[in-house]
Amino acid sequence: MKTKLLYITNAVMFVAIVALFVLFFTKKEPEAVALPAVGDGVSIAYVRTDSLLLNYDKFKIENEALLKQRENARTTLQKKVEEFQRDMLDYQKKVENQAFLSIDRQRSEYERLAKKEQEIQQLEMQMTQELMLKEQQILVNFQASMDSVINEFNKEKGFTFILGTAGSDNILYGNEMFNVTKEVLNMWNKPKE
């Protein structure tokens, strides 16, 4: 049951990541232009945070590593489940054929298999928790890095507000002339000297 849940979770996350990549790379963003001031010297810009997430080089590398780690965990777990299933079938055949020399030996084998099943479940929970913590840490680091680069970007540009949006969340409409995502991304991906 938990293995199926892990497969479903991994599949959903993989499909979501692929969908985001497809959505971003099939859409051309217009070049940024000089931004006009809005009312009494207030200047506003916005950043598409989902685009930053998909195109920040360091995040791509970390996310790839996380996907590999997730796949390795899934493979390790699958091998253990298959081994357990073989052991269980072997046990059932022995019970049907009355191949155990004693009831104590049969009980001992059953307890060994029950313990093995519990260990697999614990391993699955541990792996899932470790991967979730790692993913959370990547996102925390991403947010901190993004905040830092936005502050650095704004020191040069001097906006009153820089808003963030993901898809149609928060900003339902924004004139592309106020979109500074590409400039921020270029600054972010530029090698540090």
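Using a cutoff of 4.0 Å between basic side-chain nitrogens and carboxylate oxygens, K94 and D90 are scored as salt-bridged. With respect to the salt-bridge test (charged N to carboxylate O, under 4.0 angstrom), the residues R74 and E71 qualify. Contact check on R105 versus E109 returns a salt bridge, with a Lys/Arg side-chain nitrogen under 4.0 Å from an Asp/Glu carboxylate oxygen. Taking 4.0 Å as the cut-off between side-chain N and carboxylate O, K116 and E83 count as a salt-bridged pair.
Under the 4.5 Å side-chain criterion, counting only non-hydrogen atoms from C-beta, Q121 is in contact with E117. Contact check for Y46 versus I162: no side-chain heavy atoms found under the 4.5 Å cut-off. Side chains of N141 and K58 form no contact here, defined as non-hydrogen atoms less than 4.5 Å apart. When side chains are defined from C-beta on, I44 does not count as touching F159, because their heavy atoms never get closer than 4.5 Å. Residues L89 and R86 form no side-chain contact, since every pair of their non-hydrogen atoms from C-beta on lies 4.5 Å or further apart. The closest side-chain heavy-atom distance from L66 to R70 is below 4.5 Å.
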When you look at M146 and Q143, which way does the side-chain contact (heavy atoms from CB on, under 4.5 Å) test go after all the steps? CA-CA 5 Å; M146 182 178 69; Q143 183 67 47; 3.3 Å; yes

Would Q126 and Q122 satisfy side-chain hydrogen bond (donor to acceptor under 3.5 Å, both in side chains), going step by step from the backbone distance to the final call? CA-CA 6 Å; Q126 176 188 350; Q122 288 174 342; over 6 Å; no

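Residue T181 comes nearest to R48 through the heavy atom pair OG1-N, 2.7 Å, listed as atom of the first residue, atom of the second, then distance. Minimum interatomic distance between E62 and I138 (heavy atoms only, all atoms of both residues): OE1-CG2, 3.5 Å.
Without hydrogens or angle criteria, T160 side chain to S43 main chain gives a donor-acceptor distance under 3.5 Å. A donor-acceptor pair is defined here as one N or O able to donate and one able to accept, closer than 3.5 Å; no such pair exists between the side chain of N55 and the backbone of N189.
Residues F59 and M187 are members of one and the same hydrophobic cluster, defined by side-chain heavy-atom contacts under 4.5 angstrom among Ile, Leu, Val, Met, Phe, Trp and Tyr. If you chain together hydrophobic residues whose side chains sit under 4.5 Å apart, L139 and V184 fall into the same group.
For the atom pair Q69 CD and M127 CE, the distance stands at 9.0 Å (nearest 0.5 Å). Going from atom CD of E124 over to atom OG1 of T76 covers 12.5 Å, rounded to the nearest 0.5 Å. Rounded to the nearest 0.5 angstrom, L54 CG and K60 NZ are separated by 8.5 Å. For the atom pair F153 CZ and N186 CG, the distance stands at 10.0 Å (nearest 0.5 Å). For the atom pair OG1 (T128) and CG (L123), the distance works out to 9.0 Å, reported to the nearest 0.5 Å.
Ring geometry for W188 against F142 counts as tilted: the plane angle lies between 30° and 60°, on a 0 to 90° scale.
Under the side chain to side chain contact (heavy atoms under 4.5 Å, CB included) rule, I150 has a single partner from T49, V180, V47, which is V47.
When the side-chain contact (heavy atoms from CB on, under 4.5 Å) test is applied to M88, the partners found at least two apart in sequence or on another chain are F84, Q92, L113.
Heavy-atom neighbours of Q136 CD from other residues, nucleotides or ligands within 6.0 Å: at or below the threshold of 12. Within 6.0 Å of CG in L133 there are more than 12 heavy atoms belonging to other residues, nucleotides or ligands.
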